[in-house]
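Keep in mind the model is a prediction, meaning the values are calculated, not measured.
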Amino acid sequence: MSAKRLTAIAGGSILLLALAACSSDGGDGGGGGELVGSGTGAECTIEAAVPIGAAFSLTGAAAQYGESQKNALELAADELNATGGVTYELAIEDDETDPKQAIQLFDGFVADGTSIVLGPTLSNTAKQADPVAQDGGLPVLGISNTAGGITEIGDYIFRDSLTEEAVIPQTVAAATEKYGLKNVVVMYSNDDAFTESGYQAFADALESEGVEVAETITFSKADTDFRALLDKAKGHNPDAIVVSALVEAAVPLVTQARELGIEQPIIGGNGFNAPALIEGAGDAAEGVVVGAAWNSASDNEQNLAFIDAYTEKFGKAPDQFAAQAYAGLQIIDAAVRANCSGERDDIKDGLTGISDVPTVLGDVSLDENRDAVHEALVQIVEGGKFAILS
């Protein structure tokens, strides 16, 4: 509910006035009208700081991703706050890679007047926490949720992360052309929404490309010893091994594959798209192919400035998860400035109009399903770095 609507309600009954007051104090942007400013776009000025919540996996199995997201979000807020007109006040919380913890955090964000939430880090967690925000009328921008079914939760749920369905078909098509794939083995962890969604996208894309799947092998996201499964895969003498897994499983899987003499290309989903894969697997990561929503080699001026600023502040280069978090606040800033309001429904309305907003990911639009639309890339690990597959 926006302050404009609160103004209209003020002309109604005493009961409605009381309800409106409760809403403003408890969970409708919380600014008591101070979150509605004047002007629009670059000229927008809002008196109160816009409260932004974030639920990232700062501990637990997905901590590798959450740290990057936290760093980049703080960097984006510092830079946007320095431009003037609109300031953002961050409350970054740890979802502990645990859906139950994320639900508690989202309950708090709904109640405390937070204007919009970024996160949670994993799709599996988002599927359980996002309904809390949807029921509470609190907009959510997922920045790393790539599984199917996320935005179908409701009209308050958006994301700037390309879905596995958007990236993986391009990855499979490029790898098929590059390596002449005819026969592959597919491996995936079947106890996580993100990796299951990635598997389905791989299966559909391989079928579309006419590539035969000799065998599909499943494992748990907590597994670390893949030798027996890889021996089984090796027995098919595939042209490539296709894997949907989080990076914590990807590192030992790739390392053990090379130890067992598997020299064929390994094609990964979005979970492989992290420097942690190269750092953890070392030389074994050479030749791994992965689709990406962001490329560190992009000559996008915003991207170059982001990489320099992130590296200087945190002493290491950003990854895709950092870039998507940084872009997330850029997109929210555009939505806030569109209506010059930090009220929840005004931000939601602004997000529905996001079209070709310049970000570190490139020009980003949100489609009618509230999903991101921008260019995807296919990368290969060469010389210890991600390079464009050519």
Side-chain angles (χ1 to χ4, degrees), residues 26-27 30 51-74 77 88-161 163-164 189 191-198 220-222 245-249 270-271 274 320-322 324-325 328-329 331-332 344 347-348 351 370-372:
I52 307 289
F56 296 152
S57 298
L58 304 178
T59 58
Q64 179 70 41
Y65 309 124
E67 179 189 5
S68 294
Q69 294 174 326
K70 177 178 181 292
N71 290 345
L73 185 59
E74 290 175 341
Y88 297 99
E89 185 175 79
L90 300 180
I92 302 176
E93 303 290 349
D94 181 10
D95 69 24
E96 301 175 5
T97 321
D98 181 355
K100 292 180 181 177
Q101 174 65 12
I103 289 171
Q104 291 184 14
L105 292 176
F106 273 51
D107 275 330
F109 288 137
V110 168
D112 70 7
T114 295
S115 291
I116 184 170
V117 173
L118 292 95
T121 298
L122 295 184
S123 297
N124 208 39
T125 305
K127 285 195 171 183
Q128 299 190 53
D130 283 359
V132 175
Q134 175 67 31
D135 291 345
L138 171 63
V140 174
L141 182 68
I143 54 174
S144 54
N145 305 146
T146 57
I150 298 293
T151 52
E152 285 87 337
I153 290 170
D155 59 351
Y156 281 83
I157 313 302
F158 301 79
R159 58 180 162 187
D160 75 352
S161 42
T163 64
E164 294 291 79
S189 59
D191 54 356
D192 178 81
F194 156 69
T195 51
E196 286 188 287
S197 180
S220 167
K221 63 182 177 183
L246 297 173
V247 73
E248 286 76 12
N270 198 44
Q320 176 182 293
F321 295 87
Q324 289 173 319
L329 197 55
I331 292 166
I332 289 173
R344 291 175 178 176
I347 294 177
K348 171 178 175 283
L351 288 172
R370 301 173 300 286
D371 280 324

Worked check of side chain to side chain contact (heavy atoms under 4.5 Å, CB included) between F194 and L122: CA-CA 7 Å; F194 156 69; L122 295 184; 5.8 Å; no

Walk me through it: do I116 and L351 pass the test side chain to side chain contact (heavy atoms under 4.5 Å, CB included)? CA-CA 11 Å; I116 184 170; L351 288 172; 3.8 Å; yes

I150 and I157: CA distance, side-chain angles, deciding distance, side chain to side chain contact (heavy atoms under 4.5 Å, CB included) verdict: CA-CA 8 Å; I150 298 293; I157 313 302; 4.1 Å; yes

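Proximity of a side-chain donor or acceptor of T195 to a complementary backbone N or O of A245 within less than 3.5 Å is not detected. In terms of modelled atom types and a separation under 3.5 Å, the side chain of R370 and the main chain of G154 share a donor-acceptor contact. Side-chain atoms of S161 do not come within 3.5 Å of backbone N or O of T146 as any donor-acceptor pair.
The two atoms that bring F106 and A55 nearest to each other are CE1-CB, 3.8 Å, heavy atoms only. Here the shortest heavy-atom pairing between S197 and A147 reads OG-CA, 3.4 Å. For the residue pair T97 and A62, the shortest heavy atom distance occurs at OG1-N, 3.3 Å. Smallest separation of non-hydrogen atoms from A193 and S123: CB-C, 4.5 Å. Nearest heavy atom pair, residue V140 against residue A133, reads CG2-CB, 3.4 Å. Closest non-hydrogen pair, V247 versus G271, comes out as CB-O, 3.4 Å.
A side-chain donor-acceptor contact under 3.5 Å links N270 and Q320. In this model, no donor atom of one side chain and acceptor atom of the other lie less than 3.5 Å apart for D95 and T125. Side-chain atoms of Q69 and S144 include a donor-acceptor pair closer than 3.5 Å. Checking S220 against S189 by side-chain atom types alone, no donor-acceptor pair falls below 3.5 Å.
Considering only heavy atoms from C-beta on, P120 comes within 4.5 Å of D130 through its side chain. Side-chain contact between F158 and I331 is absent, with no heavy atoms from C-beta onward closer than 4.5 Å. Within the 4.5 Å cutoff, the side chain of V117 has no heavy atoms near those of the L141 side chain. In this structure the side chain of V132 never reaches within 4.5 angstrom of the side chain of F109, judged on heavy atoms. In this structure, the side chains of I332 and L118 come closer than 4.5 Å at one or more pairs of heavy atoms.
Taking the ring pair (Phe, Tyr, Trp, His ring centres under 6.0 Å) definition, one finds that Y65 meets it with F321, sequence neighbours left out. Partners of Q64 under the side chain to side chain donor-acceptor pair (under 3.5 Å) rule, at least two apart in sequence or in another chain, do not exist in this structure. Residues passing the side chain to side chain donor-acceptor pair (under 3.5 Å) test with N71, sequence neighbours excluded: Y310.
The structure places CG of L329 at 14.5 Å from CD of Q324, a figure rounded to the nearest 0.5 Å. Expressed to the nearest 0.5 Å, how far CD1 of I143 lies from OG of S68 amounts to 10.0 Å. Q104 CD to D98 CG: the interatomic distance, rounded to the nearest 0.5 Å, is 8.5 Å. With values rounded to the nearest 0.5 angstrom, E96 atom CD is found 5.0 Å from T59 atom OG1.
Checking D94, T121, L90, I92 one by one against K70, the side chain to side chain contact (heavy atoms under 4.5 Å, CB included) holds for a single residue, I92.
Residues R159 and D371 are paired through a salt bridge, judged by an N-O separation under 4.0 Å between the basic side chain and the carboxylate. Salt bridge annotation for D191-K221: absent, with no cationic side-chain nitrogen under 4.0 angstrom from a carboxylate oxygen.
For the pair K348 and Y156, the distance from NZ or CZ to the six-membered ring centre is under 6.0 Å and the angle to the ring normal is within 45 degrees.
Other residues, nucleotides and ligands place more than 12 heavy atoms under 6.0 Å from the CD atom of Q134.
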